[in-house]
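Beneath this line is the structure, given in structure tokens, with notes to follow.
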Amino acid sequence: MNTLAAGLEQTFDQCSALIRDLEFPTVVRWKAEHPGAKAIGYFPVYAPTEIIHACGMLPVGLNGAGDALDLQYADARFGSFICSIVKTTLELVLTNRLECMDGVLFSSICDSARNLAFVVKRNFPGKYVEFLHLPHNPNSTASHVFLASEYRRLTQHLEEMGGVRAGEEALNRSIAVHNENRALLRRLYAFRAAHPELLRSWELYALQRAGNFIPVETHNEWLAGALAELPARSGKRRDAIRVVVEGAFCEQPPIDLIRIMEEAGCYVVDDDFVLGRRWFTSDIPVDGDPIQNLADSYLDRSVYSSVRHDFRNPRHKQLIEKVRRCNAQAVVFLTAKFCEPAYFDYVLFKRELEAAQIPHLPLEFEEKAFTFDRFRTEVETFVESLLFD
Amino acid sequence: MSEAEKAEYRGQVHQLQKELMVDWYRRLDESAGTGSPPAVSLLVSGNCVELLEAFDILPIYPEVNALQLAIRHQSLEPILAAEELGYAADNCAYVKADIGALLKGITPTGGRLPIPALALCNFVGCNTYVKWFEHVSEFQKVPLFMLDVPFLRTDEPSKDDIVYVVRQLRELVTELERITKRKFDYDRFKEAVRNSSQVEELWSRIKHLSRKTPSPFDAFFDAITLMGPLYVYRANPAGVKFFQAALEEFEQKAARGEGPFGSEKFRLVIEGPPPYPFFRVFRDMFAKWGACAVASTYSTVGGLWEFGFRHDPENPFEAVAMHMLAHNVTNRNYLQRYEQIRRYVEEWNAQGLIIHFVKSCRLFSAGQGDMRDYFTKELGVPTLYLESDIEDPRYFSEAQIKNRMDAFFESFGHTPAPVRARAAGRPGVDPGRPDGSSRLRILE
């Protein structure tokens with residue numbers, strides 16, 4: 001699975017199959033090829049994968065289970081009013097599907113995920129379950145010192161676990177290869193914004209999300225290959241509106257939902273799908289103290305997100321800037337059901353969009369959804385109201 | 001309605017509490033009119049009211065305002081107003097009631113509430129706090145101070161955690177100096193911390209009285225009555241005086257062998273917040289069965305002192321940091337909450353656990369099914385799981401909750417063995433696991 005099928009179409013199909021596979025075949029294979037090496041899963045939205053990588057381990061981005069898993073146990077553990085990804089992640093643990101992971105990382109994104117971390121800890125004996133506190137106060141210089149200490153704590157634990165020391169050189173090499181990954185993704189996003197008829201959003205989504213399950217070096221090859229082949233692709237422009245999609249930064253929508261949004265008349269020119277893979281707006285420096293550089297970059301070089309708080313530059317202002325920057329006509333909110341950070345942000349997003357006279361459509365999804373008729377109708381109606389206004 | 005259902009729960013302490021809280025609202029109204037003393041909004045969980053006290057700043061607690069609206073059956077109107085603004089049905093209703101009330105000018109007493117000079121977001125565990133105060137700051141156009149307290153993800157806070165919080169507290173001092181145009185008085189801060197440590201000692205002694213049988217007070221419902229003064233007056237001499245009076249009253253009741261009502265038939269631990277819109281109805285359901293809470297987690301939101309922690313007046317910044325980091329239930333991790341409840345069950349000699357899931361508060365509620373699993377299957381503690389809400393009256397089904405509660409208490413007669421006997425030495429089993437193997441661990 002680490003080798004890519006020939007041709008773009010097959011690549012995208014291969015990626016969309018990979019992101020649905022709950023057996024984690026690429027992780028299992030990587031571990032077989034690297035005897036004794038560890039795989040560390042991380043719950044969304046962001047994790048410093050560079051540190052995991054520098055410790056000789058495979059970072060694996062967890063994204064719930066989509067519609068591929070019926071809940072037998074986790075519903076009773078988490079009850080009503082809790083988002084799906086929290087439950088499916090626990091279900092993956094309780095049904096032994098995460099056995100190929102040697103540890104799982106969580107971070108301070110929301111209350112449900114925070115409690116999940118410790119419920120997983122109780123139900124995943126023998127595994128390394130860690131919770132990172134990613135600071136909410138970038139205004140304070142103390143947060144830079146604190147986050148570096150938090151990253152050093154993680155590094156030390158991983159080094160002890162894997163028996164590989166992540167020296168400065170190894171960390172800087174890891175940062176460089178991850179910088180390359182993010183730069184390639186930024187180029188693909190720019191390409192799609194310029195040529196949405198040549199790169200469909202579900203394709204970019206699958207290609208990007210597949211990176212959660214393979215080594216970053218392999219993913220870089222896949223991304224570079226796609227970038228090289230895309231300009232030669234043919235595609236016709238059609239009547240569609242340019243939209244920014246906002247709200248699906250943690251639980252991921254079903255791929256068919258993205259397909260349908262496009263079929264219903266949207267060119268998605270920017271989104272926050274699998275946001276952790278594009279977390280930084282520019283490269284992390286590769287000289288100096290790598291841990292401090294990672295910490296400083298989280299605090300000063302991150303994209304805006306509903307789970308990261310930086311009141312120096314409010315996210316509702318940044319959404320408007322994003323819409324203008326990519327010349328979008330509207331915003332589609334694709335909010336995971338029961339996602340409280342996204343629900344809260346909608347209030348201020350809505351206020352700013354209305355003030356800026358940018359139309360928006362609020363929609364809600366669950367990763368396990370499999371019928372989309374109502375969704376299609378809502379998007380079509382919204383698109384028509386803009387196209388024929 | 002039976003005698004128990006019409007029970008009168010109020011003692012002298014309830015009257016004193018009312019007077020203190022009415023006086024707080026009177027001072028808030030004065031501040032709204034004159035701007036003096038200045039007021040600062042902050043949040044209840046692991047609050048740092050000692051710093052405000054050192055500057056003679058009046059605290060505003062939006063949670064207390066929200067619960068007052070709910071208990072007076074006034075929360076629905078502001079909740080609906082907030083939903084019109086774009087808040088979701090599944091957003092925290094505390095936030096919706098508060099924002100809706102701010103925008104519509106609704107207050108619990110009808111008096112005025114001041115515009116805060118600062119929205120001080122003491123982030124202590126609850127991620128919703130951050131959004132809440134971001135919105136308060138936006139809608140009230142007031143500066144926001146983010147005080148980021150690392151979540152307790154290890155057994156104890158690390159040195160780095162403490163240094164991080166202390167440095168932010170010192171930055172907060174600079175901000176409070178700017179607001180009040182007053183120089184920080186370190187001795188006054190130490191004095192405020194000393195008051196807190198006295199209140200904590202008194203509060204802890206009260207909490208340990210409920211280990212007696214019968215308990216002289218209900219450690220959920222009556223503790224909630226005491227929580228208002230605990231947050232508003234903890235660092236003030238009035239708080240010390242209030243808790244001295246409360247301890248005296250409960251000690252006298254204990255000496256007389258009196259409980260909060262009639263005879264005590266069941267001793268319980270209650271986990272989670274109350275349904276404030278139906279506070280009295282909910283209490284009556286317990287009273288009817290002679291069921292008394294001997295401990296509760298909700299009463300440790302502001303601080304967890306019954307296991308020994310006190311603010312240290314000689315190291316006031318570190319003491320405030322330690323309180324915020326480690327000694328309140330909201331910043332402690334979920335398994336530490338299991339441990340807290342386990343100690344209550346065993347050391348306070350409780351027979352059962354009531355878990356009240358409130359949809360507004362995922363901090364409390366997310367994972368309570370796993371908690372139930374631990375207590376029933378691992379420890380053999382009879383557990384009742386109820387669902388409603390802390391603030392939104394639309395989520396309280398009186399008949400359903402009553403039926404579940406009645407069934408729970410009736411089943412007690414059929415419980416085969418005392419809790420602690422069953423808990424001891426019982427191996428962990430999890431029939432829920434598909435392979436039948438045990439995945440549960442006794443907590444260290």
Side-chain angles (χ1 to χ4, degrees), chain A residues 72-73 75-82 86 90 93-96 108-119 121-125 130-133 135-137 139-143 145-146 149-150 153 306-307 309 311 314 335 337-338 340-341 343-351 362, chain B residues 82 85-88 90-92 95 99 121 123 125-128 130-132 134-135 137-138 144-148 150-151 153 158 160-161 163-164 167-168 171 333-336 338 357 359 361-370 372-374 385 387 430 432-435 439-441 443:
Chain A
Q72 282 177 275
Y73 312 104
D75 238 349
R77 302 292 179 99
F78 269 89
S80 321
F81 306 108
I82 305 296
V86 161
L90 181 62
V93 170
L94 293 175
T95 54
N96 298 326
S108 42
I109 58 166
C110 72
D111 297 333
S112 300
R114 192 198 70 178
N115 287 359
L116 171 68
F118 293 90
V119 170
K121 194 173 183 134
R122 187 174 90 85
N123 289 284
F124 208 21
E130 184 58 270
F131 185 90
L132 287 181
H133 184 84
H136 294 325
N137 185 10
N139 266 331
S140 171
T141 52
S143 60
V145 179
F146 169 78
S149 74
E150 188 70 344
R153 186 174 69 89
S306 290
V307 297
H309 308 289
F311 301 114
T335 305
K337 195 166 176 57
F338 302 127
E340 197 153 35
Y343 283 155
F344 272 121
D345 282 354
Y346 174 67
V347 177
L348 295 183
F349 282 148
K350 174 173 176 275
R351 188 188 69 173
Chain B
L85 209 63
Y87 288 93
D90 296 308
N91 269 129
C92 168
V95 181
I99 300 284
C121 182
F123 168 73
C126 172
N127 284 276
T128 293
V130 186
K131 302 288 186 190
W132 189 345
E134 181 187 8
H135 290 202
S137 167
E138 282 286 331
L144 174 68
F145 187 96
M146 185 66 215
L147 176 49
D148 177 34
F151 185 60
R153 60 234 180 273
S158 68
D160 294 316
D161 292 345
V163 168
Y164 179 40
R167 281 185 61 181
Q168 291 179 86
E171 289 167 357
N333 72 53
Y334 214 53
L335 298 183
Q336 289 168 330
Y338 291 12
F357 176 105
K359 75 178 280 287
C361 185
R362 292 173 172 88
L363 178 152
F364 256 105
S365 307
Q368 279 175 327
D370 187 73
R372 174 178 54 183
D373 188 271
Y374 171 70
Y385 183 90
E387 280 191 9
D430 181 4
R433 294 268 317 161
D435 59 2
R439 301 298 298 256
L440 300 180
R441 289 187 298 171
L443 299 172

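These numbers come from a predicted model, not from an experiment. Just so we're on the same page: letters track the sequence lines, and every chain starts at 1.
Taking each heavy atom of B/Q168 and A/S140 in turn, the nearest pair found is CG-OG, 4.0 Å. For the pair B/V130 and A/H136, the tightest heavy-atom approach, listed with the atom from each and the gap, is CG2-CD2, 4.4 Å. In this structure, A/D111 and B/L363 approach most closely via the heavy-atom pair CB-N, 3.6 Å. The two residues B/A366 and A/I82 have their closest heavy-atom pair at CB-CD1, 3.7 Å.
With chain B as partner, the option from A/G79, A/P362, A/A113, A/S306 having the largest number of non-hydrogen pairs under 4.5 angstrom is A/S306. No other option in A/I109, A/V307, A/V86, A/L348 has as many heavy-atom pairs under 4.5 Å with chain B as A/L348.
Residues B/D160 and A/E150 have side chains not in contact (no heavy-atom distance under 4.5 Å, counting atoms from C-beta outward). With contacts defined as side-chain heavy-atom distances shorter than 4.5 Å, the pair A/F344/B/Y87 qualifies. Put simply, the side chain of B/K131 does not reach to within 4.5 Å of the side chain of A/V347, judged on heavy atoms. For the pair A/F81 and B/S365, the minimum side-chain heavy-atom distance is 4.5 Å or more.
Taken from CD in B/E171 to CG in A/N139, the straight-line distance is 8.5 Å, to the nearest 0.5 Å. Atom-to-atom distance recorded for A/F146:CZ and B/S158:OG is 6.5 Å, nearest 0.5 angstrom. Separating the OH atom in B/Y164 from the NE2 atom in A/H133 is a distance of 5.5 Å, to the nearest 0.5 Å. The CZ atom of A/R122 lies 7.5 Å from the CG atom of B/L335; values are rounded to the nearest 0.5 Å. To the nearest 0.5 angstrom, A/F131 atom CZ is 9.0 Å from B/N333 atom CG. To the nearest 0.5 Å, the span separating OG on A/S143 from CG on B/D148 amounts to 8.0 Å.
Contact annotation for B/C92: both backbone and side-chain heavy atoms come within less than 4.5 Å of a heavy atom of chain A. Contacts between A/T335 and chain B at a heavy-atom distance below 4.5 Å are absent for every atom of the residue. Within the 4.5 angstrom heavy-atom criterion, only backbone atoms of B/Q368 (N, CA, C, O) approach chain A. Using a 4.5 Å cut-off between heavy atoms, B/V163 makes no contact with chain A at all. Neither the backbone nor the side chain of A/L90 comes within contact range of chain B; no heavy atom of the residue lies under 4.5 Å from a heavy atom of that chain. With a threshold of 4.5 angstrom between heavy atoms, B/F151 approaches chain A through its backbone and through its side chain. In this structure, chain A has a heavy atom under 4.5 Å from the side chain of B/Y385, while its backbone stays farther away. Both the backbone and the side chain of A/F338 come within contact range of chain B, with heavy atoms under 4.5 Å apart. Interface residue B/L144: only side-chain heavy atoms are found under 4.5 Å from chain A. Heavy atoms closer than 4.5 Å to chain B are found in both the backbone and the side chain of A/P341.
Of the charged side-chain nitrogens involved, none lies within less than 4.0 Å of a carboxylate oxygen, so that A/R153 and B/D161 do not count as a salt-bridged pair.
When only modelled atom types and interatomic distance are considered, B/R153 and A/S108 share no side-chain donor-acceptor pair under 3.5 Å.
For B/Y334 and A/F118, the ring centers sit 6.0 Å or farther from each other.
Considering only residues two or more places apart in sequence or on other chains, B/F364 meets the ring-ring contact (aromatic ring centres under 6.0 Å, His included) condition with none of them. A/E340 pairs by the side chain to side chain donor-acceptor pair (under 3.5 Å) definition with B/T128, B/R362, not counting sequence neighbours.
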